[in-house]
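Have a look at the structure below before the remarks.
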Amino acid sequence: MYYLTTAIDYTNGSPHIGHAYEKILSDILVRYQKLKGVETFFLTGVDQHGQKVQQSAEKEGIHPATYAAKNTKKFKKLWEQVGLDYDGWAETTDDRHKACVGKILTQLKEKGQLYKKSHQGFYSVRQEQFLTDRDRNEKGEFGAEWGEVVELSEENWYFKLSDHAQWLQDYLGATPDCIYPSFRQQEVINSLEKMHKTDLCISRPKERLFWGIELPFDAEYVTYVWFDALINYLSFAGYLAEPDSDLPDFNEIWERPVHVIGKDILVPAHAIYWMAMLHALGFKDEQMPQFVVHGFWNAKGEKMSKSIGNIIDPKELAETYGVDALRYYLARDIHTGKDSDFIPDRFISIFQTELANDLGNLCNRTLNMTVRFCEEKTLNTPSDYTLAELDQQLQASLIKTKEEYIKHMDIYQVSLALETINKHVKLCNSYAEANQPWALAKDEAHKAQLHNCLYHIIESLAQIALLLSPVLPEACGKILQQLGAAELANTTLADISWGLIQQPHTVNKPKPIFPRIQLPETQEQA
Ligand code: MSP
């Protein structure tokens, strides 16, 4: 089973474009596996515990549970709106998750992996966290951003992270495909040195943080939010679930899961804490996850943040420009692993050129011509028709398009796959220009050539709709329907080859699928 998870989003605010990008990218990757005919399980959800949620709720004067539930709704609603097709939904306040976290903590304690000790150090009252020397400024002081800093001694529970450092080092050395892109794997290896010396504090005393999962063996403490959150990948896959639970069968789901996460949460949370936790629980090397680490969307080169006020709202974009425009832009204008700048003008111009002008127009005018020029809207090229060079070129390009598409999609480079598709669409447009079916239609003697030309484009459109369907599932369903080929919707990738559409073939009347975004004249782009 192809099991793919996303990071679970903090519910201390509303979803922003970064959250939407990660979820849409993941949805595309899962749909691509489905297109290959692979069985999949897609898990996403929200991270509801922790200090940030507790503090934000306090500011609003409401209970953190109410606060988290309110924001959770916004995430769920947006994911529905943008067409995420997930199988499992993770909420860390879910009783089934809490039970799993409790069982894991108990197991680790029984295995001697947890211990309690007292830590003395500098504590920021404002940020409610212990500080280390790395938090000191150039002058060697704790800067104003930390507020009042006091020396404090506190007892807590620790996980023996250092026990797993050597294993992790060896594992990463022997498994080069653990992290994509590979330069990130080197980054993790470089950060391992510290791990040999440090253990992980996994508890918070309730007197300073009550909004978390209570430790099953020490009621004075709640679980550290990361330790709790990471376990969602297991708990919602049915790990240690009660036999009568409605969660999936863990053994069916968990082979070598794919975790899609942003670059900020690879080290130390996922690559170190999570890997060590799985190892401590007895997971074998071949069961360890693979990470797809994506970059960030920035706004005019700057990090998006509430304080700068430059956060881009995906809901607004979807409502104004449509879900297709949003999904396509987020898939098209970034290379997986790299950062990208969110540029509103590009958002619009990419839609106008690649979807409205190139694909939308091709589809609309080809179908219109078929309806107008072919009897009974039916294509029927004589079987002994001799192909011209242009026809052969178009067929060869379609074969190459599929090959390149697979090559890029297999390494998560959706943008390059879309670029390849767009090239073929453009070729189809020039093919139409070169053949001039509107002129061929004027002379009965050119009937065979007319049918052959329209057929070549219609066949291309059917194949393209299938290849594009992971990115634009709804729109591609509509394309197939208009082509009169709705029954092809479940074709698997391996079966996409010349001749999907068999003649005689009747098409349907077209309706524009990607109408141009209407802008005030001064802003007209492409
Ligand atoms: N709750 C943790 C994850 C726990 S996973 C067990 C968290 N949440 S988050 O809401 O801050 O981030 C969720 C995901 O969104 C992360 O993968 C993060 O990298 C990603 N992004 C946050 N801002 C982003 C951008 N500006 N651009 C792209 N992705 C970004 O971390």
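When a ligand or atom number is given, it counts from 1 through the structure's own listing order. Only this structure's heavy atoms are used, side chains among them; waters, hydrogens and symmetry mates stay out. Sequence positions, counted from 1, serve as the residue numbers for this chain. Fair warning: this is a prediction, and the values are worked out from it, not measured in the lab.
The 12-atom threshold is exceeded at CD of Q287, counting heavy atoms of other residues, nucleotides or ligands nearer than 6.0 Å. Few gaps surround NZ on K206; more than 12 heavy atoms of other groups in view lie less than 6.0 Å from it. In the displayed structure, K116 atom NZ is contacted under 6.0 Å by more than 12 heavy atoms of other residues, nucleotides or ligands. By the 6.0 Å contact criterion, NZ on K70 is enclosed, its count of non-hydrogen atoms from other residues, nucleotides or ligands being greater than 12. No more than 12 heavy atoms of other residues, nucleotides or ligands shown are found within 6.0 angstrom of CD on E80.
Closest to atom 31 (O) of ligand 1, if we only count protein heavy atoms, is I265 CG2, 3.5 Å. The protein atom (non-hydrogen) at minimum distance from atom 13 (C) of ligand 1 is D9 OD1, 3.1 Å. Scanning the protein heavy atoms around atom 7 (C) of ligand 1, the nearest turns out to be Y10 CE1, 3.5 Å. Among all protein heavy atoms, the one lying closest to atom 27 (N) of ligand 1 is W297 N, 3.0 Å. Nearest to atom 21 (N) of ligand 1 among the protein's heavy atoms is F296 CZ, 4.1 Å. In terms of protein heavy atoms, atom 2 (C) of ligand 1 is closest to I8 O, 3.4 Å.
Note: no N/O pair closer than 3.5 Å links A7 and ligand 1 by distance alone. Residue-to-ligand polar distances keep Y233 apart from ligand 1: every N/O pair is separated by 3.5 Å or more. No N or O atom of K263 sits closer than 3.5 Å to an N or O atom of ligand 1.
The atoms of ligand 1 that sit less than 4.0 Å from any heavy atom of A229 are 6 (C). Near G18, meaning under 4.0 Å from any of its heavy atoms, are these atoms of ligand 1: 24 (C), 25 (C), 27 (N), 28 (C), 29 (N), 30 (C). Annotation for ligand 1: atoms under 4.0 Å from non-hydrogen atoms of D47 are 1 (N), 2 (C), 4 (C). Residue G262 approaches ligand 1 through these ligand atoms, each under 4.0 Å from one of its heavy atoms: 17 (O), 19 (O).
At a heavy-atom cutoff of 4.0 Å, ligand 1 is contacted by the side chain of D264 but not by its backbone. Residue H294 touches ligand 1 through its side chain alone, judged by heavy-atom distances below 4.0 Å.
By heavy-atom distance, the residue among H270, E22, H19 lying nearest atom 12 (O) of ligand 1 is H19. When the heavy atoms of W226, Y21, W274 are ranked by distance to atom 4 (C) of ligand 1, first place goes to W226.
Assignment of A269 to the shell around ligand 1 is not supported, since no heavy atom sits closer than 4.0 Å. Residue contacts with ligand 1 include H16, since one or more of its heavy atoms lies under 4.0 Å from the ligand. Remark: distances from the non-hydrogen atoms of M304 to ligand 1 are all 4.0 Å or more.
Two residues are said to be in side-chain contact when any heavy atoms from C-beta on lie closer than 4.5 Å; P289 and Y233 fail this criterion. The shortest distance between side-chain heavy atoms of Q81 and P314 does not fall below 4.5 Å. Here the side chains of F291 and V188 are not in contact, with every heavy-atom distance at 4.5 Å or above.
With sequence neighbours left out, T72 forms a side chain to side chain donor-acceptor pair (under 3.5 Å) with Q48.
Salt bridge annotation for K303-D264: absent, with no cationic side-chain nitrogen under 4.0 angstrom from a carboxylate oxygen. Ion pairing between K423 and E404 fails under the 4.0 Å rule for side-chain N and carboxylate O.
Remark: R136 is positioned above the aromatic ring of F122, its terminal NZ or CZ atom under 6.0 angstrom from the ring centre and at most 45 degrees off the axis.
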